[in-house]
*Asks:* 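Pasting a structure here, questions to come.
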Amino acid sequence: MSSISNQEAATPRLRRRAVAALKGELRSVRVQLSVLNHQVGTQAELKDVDLDCLDLISSRGPLSPSMLAKHAGLHPATMTGILDRLERGGWIVRDRDPSDRRAVVIRILPDRNAEMFRLYSGMNSLMDTICADYDDAEIAVITDFLRRVQAAGRTASEELGN
């Protein structure tokens, strides 16, 4: 006869199920956000990779093309085509880096950035509604979890790239 009770044996099984369900929900979130981004891209006449690059520039401030390529996980030659497309569309400008006049930094044009905020305003409003259901401590736990998931994704991406 086993010395492990049924309850003790059920706990790891329940945990595995809960973690599997969480991973499944994260996959669903990824897919749904991909669909949303595709719809936004269609409205803005941008490719998904263009949206990713705009988001990186927006969140990290003006970036050099090589840093943008690194953050996006793209080859620098690929980045050149993306930047050419974004510049033609009036989304970005290439400025001389004030600290090194030989270098270039990419920045988003404010008018087009406002357009992006407008396109995502529905999702932002829905997120505000969802977040209102959680207290500050719960929001902190969720934020920590998402940061750790992002770091895991970065690590997994780097390992695949090597």
*Asks:* Which value, rounded to the nearest 0.5 Å, describes the distance between Ile108 atom CD1 and Ile57 atom CD1?
*Replies:* 5.0 Å
*Asks:* Nearest 0.5 Å please: distance from the CZ atom of Arg147 over to the CD atom of Gln150.
*Replies:* 9.0 Å
*Asks:* Taking side chain as C-beta onward, heavy atoms only, is Arg27 less than 4.5 Å from Val31?
*Replies:* no
*Asks:* Is it possible for you to say whether Leu83 and Val93 belong to one hydrophobic cluster, with membership spreading through side-chain heavy-atom contacts below 4.5 Å?
*Replies:* no
*Asks:* side-chain contact (heavy atoms from CB on, under 4.5 Å) for Asp95 and Val104? Distances and angles first, verdict last.
*Replies:* CA-CA 6 Å; Asp95 290 329; Val104 172; over 6 Å; no
*Asks:* With rounding to the nearest 0.5 angstrom, report the CZ to OG1 distance, Arg16 to Thr11.
*Replies:* 10.5 Å
*Asks:* Heavy atoms, side chains only, cut-off 4.5 Å: are Ser66 and Met79 in contact?
*Replies:* no
*Asks:* With no hydrogens and no angle check, is any side-chain donor or acceptor of Ser34 less than 3.5 Å from a backbone partner on Arg30?
*Replies:* no
*Asks:* For the side chain of Ser58 and the backbone of Leu54, is there at least one donor-acceptor N/O pair under 3.5 Å apart?
*Replies:* no
*Asks:* For Asp144, is there an ion pair with Arg148 - N to carboxylate O distance below 4.0 angstrom?
*Replies:* yes
*Asks:* Quick one: are Ile106 and Pro65 in side-chain contact, heavy atoms under 4.5 Å?
*Replies:* yes
*Asks:* With sequence neighbours excluded, tell me which residues meet side chain to side chain donor-acceptor pair (under 3.5 Å) with Thr78.
*Replies:* none
*Asks:* Indicate yes or no: at least one non-hydrogen side-chain atom of Met116 is less than 4.5 angstrom from one of Leu46.
*Replies:* yes
*Asks:* Given side chains that start at C-beta, do those of Leu109 and Ile92 come closer than 4.5 Å, heavy atoms only?
*Replies:* no
*Asks:* What's the separation between atom CH2 in Trp91 and atom CD in Glu45, rounded to the nearest 0.5 Å?
*Replies:* 9.5 Å
*Asks:* To the nearest 0.5 Å, how far apart are CZ in Arg118 and CZ in Arg112?
*Replies:* 10.0 Å
*Asks:* Holding to salt bridge (Lys or Arg N to Asp or Glu O under 4.0 Å), I want the full list of residues that pass it with Asp50, two or more places apart in sequence or in another chain.
*Replies:* Arg85
*Asks:* Just so I know, are the side chains of Leu26 and Phe145 near enough to count as touching, which here means a heavy-atom distance under 4.5 Å?
*Replies:* yes
*Asks:* Step by step, would you call Val49 with Leu74 a side-chain contact (heavy atoms from CB on, under 4.5 Å)?
*Replies:* CA-CA 10 Å; Val49 70; Leu74 298 169; 3.6 Å; yes
*Asks:* Go through the structure and list residues passing side chain to side chain contact (heavy atoms under 4.5 Å, CB included) with Thr129, not counting sequence neighbours.
*Replies:* none
*Asks:* Tell me, do Arg94 and Asp84 make a side-chain contact under 4.5 Å, heavy atoms counted?
*Replies:* yes
*Asks:* If the threshold is 4.0 Å, N to carboxylate O, is there a salt bridge linking Lys47 and Asp52?
*Replies:* no
*Asks:* Examine the side chains of Tyr120 and Asn37 and answer whether a donor and an acceptor come within less than 3.5 Å of each other.
*Replies:* yes
*Asks:* Taking the side chain as C-beta and beyond, is there a heavy-atom pair between Leu119 and Gln39 under 4.5 Å?
*Replies:* no
*Asks:* Under the criterion side-chain contact (heavy atoms from CB on, under 4.5 Å), which of Val141, Asp135, Thr143 is the partner of Ile139?
*Replies:* Thr143
*Asks:* Linking I/L/V/M/F/W/Y whenever their side-chain heavy atoms sit closer than 4.5 Å, directly or via other members, would Leu146 and Ile130 fall into one cluster?
*Replies:* yes
